[in-house]
Every structure is written in structure tokens, then in C-alpha cells.
Amino acid sequence: MTFSDYDPELTRSLNAELRRQREGLEMIPSENFVSPAVLEALGSVATNKYAEGYSGKRYYGGCEFIDEIEGLAISRAKQLFGAEHVNVQPLSGAPANIAAYSAILKPGDTILGMDLSHGGHLTHGHPVTFVAGIYNFVRYKTAADGTLDYDNLRAMALEHRPKLILVGYSAYSREIDYAKVKAIADEVGALTMADIAHIAGLIAGGEMANPVPLFDVVTTTTHKTLRGPRGGMILCKEAFAKAIDKAVFPGLQGGPHENAIAAMAVAFKEALEPAFRDYARQIRLNAKVLETEFRAFGYTLCFGGTDNHLLLVDVMGSKGVTGRDAQEALDKAGITVNKNAIPDDARSPTDPSGIRFGTPAVTTRGMKEAEMKLIAGWMNDAIVNATDDAKLASIAAEIKNLTDRFPLYPGLAY
Ligand code: DSN
């Protein structure tokens with residue numbers, strides 16, 4: 001019996017999701033389209049195996065091939081980022097961050113991390129999180145011009161004497177000067193951690209600075225610009241290897257998801273290929289086109305523009321449309337973005353002033369500068385005509401014509 005005969009309800013939903021991905025423009029900057037090879041590894045028999053522990057020291061029998069699989073993922077990740085030690089078992093980015101904190105800090109220790117509305121992440125100390133009750137997070141912000149204010153970071157480090165300085169962001173669009181951060185950390189005796197979840201692929205592709213050689217601990221997801229399966233990873237100096245491994249297992253997790261780790265191994269092999277450097281370069285070139293076009297349309301670009309794959313745009317201040325309304329209008333037009341707070345947003349997180357969007361997924365489809373110009377025009381049209389359903393439907397039809405020219409997973413059907 002085929003899969004679709006056995007479970008027609010699920011098949012319908014999967015095919016609908018495939019069609020949504022094919023016919024629309026995926027502009028959420030943390031999303032991407034994995035290769036067929038990554039999908040195949042993710043759906044492989046590696047999902048059947050329990051393998052608590054680490055290579056050669058597992059708590060279950062039958063792990064000899066799992067050791068090989070995990071070993072491939074680790075050695076390729078080391079090569080990609082120049083890491084001394086890699087743990088590929090974190091289930092995703094948030095667990096990776098929590099494991100890293102628990103490995104190198106004690107409860108009550110102070111962490112200097114970026115404020116969420118300035119581009120940080122919930123796990124970087126937002127009061128709603130579990131970790132905010134365990135560690136003393138002090139949150140810094142970007143300067144008025146949108147850059148990281150290293151003088152202020154230093155002043156805050158001298159005042160609060162953190163045990164850890166944390167950089168690396170989810171909605172921030174500029175480069176980070178890791179050497180400056182490291183110098184500040186050294187001055188106050190703090191450890192350094194970078195969360196490169198968003199930009200790991202740009203770093204692997206040689207397009208952005210790499211904190212791994214400099215910083216004590218670096219965390220990432222593997223499914224964003226890195227274009228692998230949904231998962232997490234910690235890269236660290238050898239001095240922290242034992243503590244990191246213990247924190248992940250048995251500290252926080254049980255059996256690793258070895259199918260995801262197999263898929264990571266494939267994605268890392270892909271990222272080591274020269275073509276991945278072209279991909280990373282095109283992501284940034286495409287984002288620059290969006291920056292230029294949105295500026296010309298009169299939008300306020302948070303942080304003054306972009307050095308990476310994403311833009312955070314103040315749609316409320318620029319066009320009088322809320323982030324939620326802009327997201328909903330863009331959805332109707334076939335463009336997926338996410339509503340997002342802008343720095344010190346006066347509005348609520350459920351209906352903030354901004355939208356966040358980026359180019360990793362559309363670049364994977366092969367779209368380049370010419371398509372970005374079209375996309376920016378459609379996005380602006382959808383935002384300024386947010387209540388005009390007929391207009392939004394006509395944009396969706398134009399987008400379908402475009403996406404038909406950039407096939408996604410040709411031949412795939414559930
Ligand atoms: N959910 C991720 C993102 O979209 O950036 C961060 O956790």
C-alpha cells in the first residue's frame with residue numbers, strides 16, 4: 001500500500017504544504033529549502049536508532065554505524081568552521097543555547113546579551129524564558145544609528161562584570177566585530193559566546209566573519225542559511241569540550257536524533273563545495289537589492305540596512321500599516337514574512353511595528369537581482385494595498401508565474 005493510500009488525510013496536507021512552498025515566495029529569513037539528498041538522509045533508517053552518549057561511549061548496543069554517521073557530521077563541521085570541538089546533538093538552537101549556558105556558567109551568573117527588540121533572541125535573556133530565572137541577564141541595545149555600540153558594551157561590561165558576553169542575533173542585519181567583543185570580554189574576565197544560527201551559512205560560505213577561531217563557544221541551528229535539517233550544534237574550544245558534551249547529554253537531552261545528524265552530514269558536505277560560496281554571495285547580493293528598493297520606496301530600515309541575509313523594516317512608521325497587517329497582506333499575495341518588533345517597539349509583539357524578511361530561500365530557488373527587484377515591488381504594492389483583496393490576489397497570480405520558472409523539488413509528490 002502506498003503512503004498516500006494509507007494516510008490520505010496527511011497526504012493532502014503534505015501536498016498542500018509542498019504546493020504552498022512551490023507557488024509562493026518564502027522570505028522568512030530563518031527558513032530555507034534543503035536539497036533532496038538532505039531530505040533523503042532525514043527520512044532514513046537512522047531515525048530508528050537510540051544512541052545516548054558519544055562515539056565509542058554509547059549506552060546502547062548497535063551504534064557502530066551511528067558512530068560513523070555522527071563522526072562524519074562532526075568532522076565536516078570542524079572543517080567548515082575551523083572548530084576544535086563540535087557537538088551535533090542539540091535538538092535545535094534554543095536547546096543548544098541552554099546547554100551552552102549550563103556547561104560554562106553557574107546559576108546566578110551574569111550574562112550580557114542583546115535585547116530581543118534590538119535583534120536578540122528569546123534565549124538571550126528575555127524575561128519570559130526559563131533561563132531568565134536561572135541566570136542574571138543584562139541586556140544591551142544597538143546604538144541610534146543601528147550599529148552595535150562597542151563603547152557602551154564595554155561600559156556595561158565594566159559595570160556589570162558578566163561571566164559571559166553573548167553576541168549573534170535573530171533579527172539584526174549588520175556584521176559583528178568579534179575581535180572587539182573578545183577584547184572587552186578579556187578586559188573583564190568574561191567568556192565569549194556567539195549564536196550564529198542565522199548567519200552560519202554566510203560564515204561557512206566565506207561571506208561573514210567567523211567567530212569560531214576567537215570565541216570560547218559558538219552555537220547555531222543547522223536549518224537556516226546553512227541549509228541543513230532542523231537541528232542545533234555547538235562548536236567550542238577544546239577546553240570546554242567535556243563540559244559542553246556533558247551538558248547536552250546527560251545534562252539536558254536523551255537520545256540524539258541521528259536521522260537529523262545524518263542529514264547534517266550531507267548539508268555540511270554540500271556547504272564545503274565551491275558552489276556554496278556562490279550561494280552565500282548571492283544571498284547577500286539579493287538582500288542588498290531589497291535594501292536599495294525598500295529605501296527607495298520610503299521605508300525605514302532598522303539598523304540602517306543590511307550586511308547579511310535579512311532586513312527588519314518599520315512598516316508602521318513608514319506606511320502606517322502594522323506588522324501583523326503587513327504579514328497578513330503579504331500572505332494573501334503569496335509572500336511569506338514574519339511580523340517582528342523593531343528596536344524599543346511601542347507596539348505589542350503580537351502586532352508589532354515591523355516585518356522581518358530575507359533571501360536564503362528564494363536564493364536557493366535560483367533567484368537573483370532581477371527577481372529581487374520584482375519581489376520588492378510586489379511587497380511594497382501588497383503593503384500599501386493591504387486591505388485590497390483583489391490587488392493582493394493579482395500579485396499572487398504574478399508570483400505564481402515567477403515561481404513556476406524556478407521549480408522546487410521537481411517531480412516530488414506525496
Ligand atoms: N525562530 C527563529 C527565527 O525565526 O529567527 C529563531 O529562533
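Only a predicted model underlies this, so the values are computations on that prediction, with no experimental measurement involved. The first residue in the sequence is number 1, and the count goes up from there. When a ligand or atom number is given, it counts from 1 through the structure's own listing order.
Around atom CZ of Phe406, more than 12 heavy atoms belonging to other residues, nucleotides or ligands sit under 6.0 Å away.
The shell of residues lying under 4.0 angstrom from ligand 1, judged by heavy atoms, excludes Glu31.
Thr219 and Asn97 share a donor-acceptor pair across their side chains, judged by distance under 3.5 Å alone. No side-chain donor from either of Asn286 and Thr359 sits under 3.5 Å from a side-chain acceptor of the other. With no hydrogens or angles considered, no side-chain donor-acceptor pair links Thr403 and Lys400 at under 3.5 Å.
In terms of protein heavy atoms, atom 5 (O) of ligand 1 is closest to His198 NE2, 2.6 Å. In terms of protein heavy-atom proximity, atom 7 (O) of ligand 1 is nearest to His121 NE2, 2.7 Å.
Taking the centre and axis of the six-membered ring of Phe215, the NZ or CZ atom of Lys182 falls outside the cone set by 45° and 6.0 Å.
For atom 1 (N) of ligand 1, no protein non-hydrogen atom is found at a distance below 4.0 Å.
Of the candidates Ala94, Ala171, Pro29, Ser30, it is Ser30 that places a heavy atom closest to atom 3 (C) of ligand 1.
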